[in-house]
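See below for the structure under consideration.
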Amino acid sequence: MTMPLMRPKRKNPVLRTPQINLPPGSRGRVALGLTAAAAQGRFALQTCEDCGAVQYPPREACHRCLSPRLRWREQSGAGRLLATTTLHHSNDLYFRERLPWRLGMVQLDAGPSVMAHLHGAVGDDAQRVRLGARLDRAGQAVLIAFPIEDEAHMADDPMLREMTSDPKFRKVLVTDGKTAVGQALVKALVKAGADIVWTGHAEPWKKLPGMDELARLPQVSLVPLDVTNGRSVTELAGEIGGKVDIVINNAEVHRGFGIAARRGTDVARAEMDVNYLGLLRLAQEFGPPLKGRAADGVTHASAWVNLLSIYALSNFPPHGTFSASKAAAYSLAQCLRAEMRPAGIRVINVFPGPIDEEWNQQLPPPKLAPAALANAVVKALRDGVEDVYPGDVAQEWLERWRDDPKVLERELALNGG
């Protein structure tokens with residue numbers, strides 16, 4: 001049984017914040033397919049296209065027929081726990097700080113036997129388990145054995161919390177609270193147990209719908225934040241930067257124009273100023289404090305979330321300049337992820353399809369409800385994934401993009417141009 005996480009005691013300001021030690025992060029290139037699947041919340045193993053054998057650990061050739069035609073395919077993870085052991089000593093700094101650490105040998109129904117970390121709800125006796133892949137603090141895939149049936153407080157397991165960014169008892173910054181998405185995010189985070197949710201609003205003198213309701217929530221604190229203004233970002237970072245555990249950057253400007261639909265560059269400039277340069281300003285000011293607190297107790301700084309768009313993968317001509325700004329932000333977010341990884345901070349990119357909001361009024365259903373998007377963000381934090389594609393349109397778009405990006409580009413040009 002997993003014990004629920006208790007509210008951490010207030011930090012002694014006299015004590016120095018410990019520095020992060022990461023788990024061993026070196027992996028061979030052939031094993032990156034396991035990490036790529038785990039980044040999206042999937043457990044995948046190599047499957048031979050000639051003989052059908054499923055294998056682990058990853059190899060360059062099939063262990064049964066030596067075929068090089070190996071494809072990563074999602075697995076159910078069902079298996080049987082054969083044996084367990086508890087690690088009481090380690091020369092690795094990361095594990096030394098977290099001993100004892102439980103491991104087990106699992107025989108998968110798919111064939112291979114694997115060594116996996118054990119969730120606290122899994123006992124030492126032989127039993128049925130389900131294997132899942134998660135990203136550790138170094139950003140590499142590890143295997144975890146879970147019980148077949150979920151129990152209460154599963155997410156509070158100390159080992160699992162090391163690999164996720166559960167908002168429970170954490171302090172979160174949501175950069176824009178005036179939109180329907182921003183307000184849904186704030187409410188979802190409060191429901192998930194966030195301790196404080198700082199909510200940015202660029203124009204505090206305006207009486208915007210929903211803001212009074214947010215202000216009445218005891219966990220919510222409205223703060224002035226304009227991501228287009230460097231001074232505004234710097235001042236807020238100086239005030240709360242050393243306290244924030246999770247940054248959720250949902251600030252965006254979205255206009256429905258291509259290239260020839262409007263003269264001048266004012267709209268495109270505004271989109272780039274918020275969607276791309278806004279992210280850059282936030283990363284420069286809030287990134288260093290986050291990295292400095294990555295080992296700050298059980299509710300350490302843990303994640304950065306970017307609200308992007310499925311249009312970042314391939315330009316949607318009716319929303320051409322918006323798509324371009326999100327593509328630029330996506331590229332910048334990849335740089336941010338690389339810089340945050342040595343500190344163990346998870347960077348989560350969210351690629352929703354069309355959201356049910358004012359700038360998508362002319363698009364037919366299905367459209368993503370703001371509440372559904374907010375729930376997807378909270379789930380991503382709890383699961384510890386890196387890339388999220390919420391909504392039917394985003395899922396279909398992703399599959400078509402994976403199949404052939406050039407074909408998708410031509411389809412969008414014909415159907416959306």
Q.
Please tell me whether His319 and Tyr311 form a close aromatic pair, meaning their ring centres lie under 6.0 Å apart.
A. yes
Q) Backbone N or O of Asn275 within a donor-acceptor pair of the Ser325 side chain at under 3.5 Å? A) no
**Q.** Check: Ser314/Glu409 side-chain N/O donor and acceptor closer than 3.5 Å
**A.** no
Q) Does atom CG of Asp404 have more than 12 heavy-atom neighbours from other groups under 6.0 Å away? A) yes
Q) Could you give the distance from CG (Leu143) to CE (Met115), rounded to the nearest 0.5 Å? A) 11.0 Å
Q) With a 3.5 Å cut-off and no angle check, do the side chains of Ser302 and Asp245 form a donor-acceptor pair? A) no
Q: Check whether any side-chain N or O of Ser232 sits under 3.5 Å from a backbone N or O of Asp226 as a donor-acceptor pair, and report yes or no.
A: yes
Q: Compute whether any side-chain donor of one residue and acceptor of the other, for Glu285 and Thr234, lie under 3.5 angstrom apart.
A: yes
**Q.** Side-chain donor/acceptor of Asp157 to backbone N/O of Gly120, under 3.5 Å
**A.** yes
Q: State which residues pass salt bridge (Lys or Arg N to Asp or Glu O under 4.0 Å) with Glu213; sequence neighbours excluded, sorted by chain then number.
A: Lys187
Q: Please answer whether the main-chain N or O of Met154 pairs with a side-chain N or O of His119 as donor and acceptor at a distance below 3.5 Å.
A: yes
Q: Return yes if a side-chain donor-acceptor contact under 3.5 Å exists between Glu396 and Tyr389, otherwise no.
A: no
